[in-house]
Chemist: 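I have a structure here, written as structure tokens, and I will follow up with some questions on it.
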2 protein chains.
Amino acid sequence: MVYTVGEISKKLGIPASTIRYYDKEGLLPFVERSSGGIRMFKEDDIPGLEIIECLKKTGMPIKEIKHFIDYCVEGDSKIDERLSIIEAQKNAVIKQMKEMQSMLDMLNYKTWYYQTAKEAGTCAIHDRMDLKDVPKKYHRYKLPKSSAIIPMTSKTVSW
Amino acid sequence: MVYTVGEISKKLGIPASTIRYYDKEGLLPFVERSSGGIRMFKEDDIPGLEIIECLKKTGMPIKEIKHFIDYCVEGDSKIDERLSIIEAQKNAVIKQMKEMQSMLDMLNYKTWYYQTAKEAGTCAIHDRMDLKDVPKKYHRYKLPKSSAIIPMTSKTVSW
DNA sequence: AGTTGACTTAAAGTTAACTTTAAGTTGTAG
DNA sequence: CTACAACTTAAAGTTAACTTTAAGTCAACT
């Protein structure tokens, strides 16, 4: 079974223009052509496209993906280099996931904050709220109760 | 305690030019100015900058962040809208994390693949390998053993 | 053989998010 | 009062990753 660029585009959910762009950037040296110059994607090409997608989705720039592909085409003499690239990317993903988790923690706090504000009808509930009424997991986000008199000219906003 | 743009830049690890750009895009309407026009960041502005960072790091475009900030400045009348935005972003982050996890799964497989290939000195070990010698968690990535005779003209690559 | 839809390329255009530059102003230290 | 580092703005420049356009070619069908 072989696919044209339009067919593989549908199959993978990637625009055909994007696939052509990747080819132009040297990411698809393994894709063969018909005698008339039409790209013919084989079943065996799909894992290659999937690893490209994986690296792209995890934030690797096209040029770096090309280096990896170049090593793959070079064959067994570049196994070490390929392993290093994959391991580095794995660590990058772990780091990204940790960051995502801490952003999610903050969004969970904000969700609680606005749900509480919604019930009370005002964000000011949080200025008045005592730390003991805030769930423990959200303590680190809570600002100390301000005793300052906020001037009318200040652009203070409740988040 | 107040900070100039350079000071807040150091404190948050964001380039001063980026902070000025955010201000120009309307993300920082709450930042006051000295009589001479110098930005003066208050302690109270830091949570605002942190929520902006959180939304940015989780992929929200600057223009959408501006909408959220606009609602914050509008005050208690826009609590519902703010809650909706935060909840939508929370769901977006959950989705991103699931995607990241599946990319990580693939990178773990690739790590195993190249470690094994490194020991064997060739990626061809995987073409010869029986499914029973592949750890169960990696079965879904394993291609069936090809019995086809690969022509010398084919650009087949081992990934 | 002709039509037609999908393919080809090179080149130009788009977008987001900054960054840099240039010319000028502010504010602190001596 | 002067020097000077850090601030200000508007405008132009940068980069990555596509997308679009235009002009032409391929191949399947009648």
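Model, not experiment: these values are computed from the prediction. Each chain gets a letter, A, B and so on, in the order the sequences are listed, and its residues count up from 1. Heavy atoms only: backbone and side chains are in, while hydrogens, waters and symmetry mates are out.
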Chemist: What's the NZ-C1' distance between A/Lys24 and D/dA17, to the nearest Å?
Modeler: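 Roughly 11 Å, once rounded to whole Å.
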Chemist: Within the pair B/Thr18 and C/dA17, is there a side-chain N or O less than 4.0 Å away from OP1 or OP2?
Modeler: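 Checking B/Thr18 against C/dA17: no side-chain N or O falls below 4.0 Å of OP1 or OP2.
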Chemist: A/Leu28 CG to D/dC18 P: how many Å, rounded?
Modeler: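 Going from CG in A/Leu28 over to P in D/dC18 covers 12 Å.
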Chemist: Is the A/Phe68 to B/Trp159 ring centre distance short of 6.0 Å?
Modeler: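 No; B/Trp159 has its ring centre 6.0 Å or more from that of A/Phe68.
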Chemist: Distance check needed: C/dA17 P versus B/Asp23 CG, whole Å only.
Modeler: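 Distance, rounded to whole Å: 16 Å.
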Chemist: Students often get this wrong, so: under 4.0 angstrom with heavy atoms, is A/Ser17 touching a base, only sugar-phosphate, or nothing?
Modeler: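 Base, at least one base heavy atom under 4.0 Å.
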Chemist: Between atom CE in B/Met40 and atom P in D/dT8, what is the gap in whole Å?
Modeler: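 The answer, rounded to whole Å, is 11 Å.
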Chemist: Whole angstrom is fine here: how far is it from CZ in A/Arg39 over to P in D/dA27?
Modeler: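 Roughly 14 Å, once rounded to whole Å.
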Chemist: Students often get this wrong, so: under 4.0 angstrom with heavy atoms, is B/Arg20 touching a base, only sugar-phosphate, or nothing?
Modeler: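 Touches a base.
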Chemist: Between B/Ile38 and B/Lys56, name the one whose nearest nucleotide on DNA chain C is closer to the 5' end.
Modeler: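 Nearest nucleotide further toward 5': that of B/Lys56.
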Chemist: OP1 or OP2 of C/dG27 sitting under 4.0 Å from any side-chain N/O of B/Ser34?
Modeler: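 Checking C/dG27 against B/Ser34, a side-chain N or O does come within under 4.0 Å of OP1 or OP2.
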Chemist: Do B/Lys155 and A/Asp45 meet the salt-bridge criterion of a basic N to acidic O distance under 4.0 Å?
Modeler: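 Here A/Asp45 does not pair with B/Lys155 in a salt bridge, since their nearest N and O are not under 4.0 Å apart.
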Chemist: What verdict does the side-chain hydrogen bond (donor to acceptor under 3.5 Å, both in side chains) test give for A/Asp105 and A/Gln101, after you've listed the backbone C-alpha separation in whole Å, the side-chain angles of each residue and the deciding distance to 0.1 Å?
Modeler: CA-CA 6 Å; A/Asp105 292 344; A/Gln101 184 57 59; 3.0 Å; yes
Chemist: Looking at A/Tyr141 and B/Pro47, would you say the former's side chain and the latter's main chain have a donor-acceptor pair under 3.5 Å?
Modeler: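 Absent.
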Chemist: Calculate the interatomic distance between A/Glu25 atom CD and D/dC18 atom C1'; express it in whole Å.
Modeler: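 Those two atoms, CD and C1', are 10 Å apart.
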Chemist: Does D/dT9 have OP1 or OP2 sitting under 4.0 Å from an N or O in the side chain of B/Arg33?
Modeler: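 True: B/Arg33 side-chain N/O within range (under 4.0 Å) of D/dT9 OP1/OP2.
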Chemist: Between C/dC7 atom C1' and A/Lys10 atom NZ, what is the distance in whole Å?
Modeler: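 Taking atom C1' of C/dC7 as the reference, NZ of A/Lys10 is at 14 Å.
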Chemist: Which nucleotide in the list D/dT19, C/dT19, C/dT8 gets nearest to the side chain of B/Tyr21?
Modeler: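 Nucleotide nearest to B/Tyr21's side chain: C/dT19.
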Chemist: B/Thr4 near the nucleic acid: base, sugar-phosphate alone, or nothing, with a heavy-atom cut-off under 4.0 Å?
Modeler: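 If one applies the 4.0 Å heavy-atom cut-off, B/Thr4 turns out to touch the sugar-phosphate alone, with no base involved.
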Chemist: 5'-most contact on DNA chain D: A/Met60 or B/Val5, nearest heavy atom basis?
Modeler: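 With A/Met60 and B/Val5 compared, the 5'-side residue is B/Val5.
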Chemist: Is the closest side-chain heavy-atom distance between A/Leu83 and B/Lys110 below 4.5 Å?
Modeler: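 They are not in side-chain contact.
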Chemist: B/Glu7 has an atom CD; how far is it from atom C1' of C/dT28, in whole Å?
Modeler: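 Value for this atom pair: 12 Å.
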